[in-house]
Asks: 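One structure, pasted below without further comment.
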There are 2 protein chains.
Amino acid sequence: MDAPDRTDFDILSLLQKNARLSNKELAAAVGLAPSTCHERLKRLWAGGVLRGTHAEVDPAVLGVGLEALLLIELAKHQREIVDSFMREVVSVPEVRAAFLITGRYDLVIHVAVRDTAHLKNLALDNFTNRPGVTRIETSIIYESVRRHDLPVLTTASRSELD
Amino acid sequence: MDAPDRTDFDILSLLQKNARLSNKELAAAVGLAPSTCHERLKRLWAGGVLRGTHAEVDPAVLGVGLEALLLIELAKHQREIVDSFMREVVSVPEVRAAFLITGRYDLVIHVAVRDTAHLKNLALDNFTNRPGVTRIETSIIYESVRRHDLPVLTTASRSELD
DNA sequence: ATCCAAGCCGGAATCTATTCGCTTGAGCCG
DNA sequence: CGGCTCAAGCGAATAGATTCCGGCTTGGAT
């Protein structure tokens, strides 16, 4: 928690790409004994650096045939409206992510649905007539790419190296 | 691969929330013997239903202090330009996701950076002067929420139940 | 009724995780 | 310079999980 070093960053990088790596494999990859690597892992979990692990599933198998971004404008940025929106939106199963942003729009919501009919119902039932929502632009996702590992931007990773 | 049933969906749901569940715990949770559950897991991996697992890391620890969405308009939807964009954008470490969409914008790119200076450089160096890009709107993310499990939308999950 | 295939189970062998005491080396102070 | 302290690493031992079969049960088709 206190001071992650280069080895910790290596561990984090590897686990972001493949969380199923065994402790033994991980230890070999970062050049530590399994027991030592295990100590580090425990520290990273306990310190809240590692927050969870998630399996990636083929969306089609679950019946997800369409994804979209909902670009939403709010009438006013009342804290109560915004906070409740962010709180409640995540309980909608079709919502994958919600972003409260600056700029022309106020919210971007990423949803996963079966088809266009499902998308229509979801948008109308859950978003269009919410209090504070003045407008929604629906953008269908043709194609998406993803990176599962965050960049390591802290300079510590480099200063430790020198 | 061929026909996932309700138990498979249960397994997938659980692993999307916590990929570190041991096979033993998973088996107990879905009401199977560990050996049987293990068979199913192997099938799901082999069939491409399970595609990977990823650890979630505290962004601040990695030096990520700011995230943003880049809303991009392209001059024309030439396949060559679009394809190369999607192909190359994922190799930029700061890019977390890129969406090719319908509507007013053509691309939405989710980036993770250190601060506003870093964001400026990233936008100007990697996106503004790319061929085909006519305009970029940068939206800083104030707050975001995420759901790591996709909805189960296939009716098979219910018909198997009856 | 019989056969077949699919799914499930229990147990054995193997491999892994996890703990703990010891060692090493770096930094610090007397 | 010598020695103290502390953090990090290591290896061995034990506890626990994975993984592979062989056999059992069930449900459907012939």
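Residue numbering restarts at 1 for every chain, and letters A, B, ... go by the order of the sequence lines. Note that the coordinates shown come from a computational prediction; the quantities given were computed from them, not determined experimentally.
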Asks: How long is the line joining CD of A/E39 and P of D/dA8, in whole Å?
Replies: 10 Å
Asks: Please determine whether a side-chain nitrogen or oxygen atom of B/K42 lies at a distance below 4.0 Å from atom OP1 or OP2 of D/dC20.
Replies: yes
Asks: May I ask you to verify if any side-chain N or O of B/T36 is less than 4.0 angstrom from the OP1 or OP2 atom of C/dG7?
Replies: no
Asks: Could you verify whether a donor N or O on one side chain and an acceptor N or O on the other, from A/E137 and A/Y105, lie under 3.5 Å apart?
Replies: yes
Asks: If I take atom NZ in residue A/K24 and atom P in nucleotide D/dG11, what distance separates them, rounded to the nearest angstrom?
Replies: 14 Å
Asks: Establish, with yes or no, whether the OP1 or OP2 oxygen of D/dA17 is under 4.0 angstrom from a side-chain nitrogen or oxygen of B/S22.
Replies: no
Asks: Is a side-chain N or O of B/R20 found less than 3.5 angstrom from the main chain of A/A19, in a donor-acceptor match?
Replies: yes
Asks: In whole Å, what is the span from the CZ atom of A/R40 to the P atom of D/dA7?
Replies: 14 Å
Asks: Return no unless some side-chain N or O of B/H38 is found under 4.0 Å from OP1 or OP2 of D/dT18.
Replies: no
Asks: Within this structure, what is the CG-to-P distance between A/L32 and D/dG11, rounded to whole angstrom?
Replies: 11 Å
Asks: As a test of reading the structure: which of D/dC21, C/dT19, C/dA17 is closest to the side chain of A/S35, going by heavy atoms?
Replies: C/dT19
Asks: Assess whether a salt bridge exists between A/D5 and A/R40, defined as any Lys/Arg side-chain N lying under 4.0 Å from an Asp/Glu carboxylate O.
Replies: yes
Asks: Could you please name the option among D/dG9, C/dC9, D/dT18 that lies closest to any side-chain atom of B/A33?
Replies: C/dC9
Asks: Within this structure, what is the CZ-to-P distance between A/R43 and C/dT18, rounded to whole angstrom?
Replies: 16 Å
Asks: Without decimals, in angstroms, what is the distance between B/R6 CZ and C/dG7 C1'?
Replies: 15 Å
Asks: Could you report the tightest heavy-atom contact between B/P151 and A/E94, atom names first, then the distance?
Replies: CG-CA, 4.0 Å
Asks: Nearest-Å distance, CZ (A/R20) to P (D/dA17)?
Replies: 15 Å
Asks: Using whole Å, report how far CH2 of B/W45 lies from P of D/dT18.
Replies: 14 Å
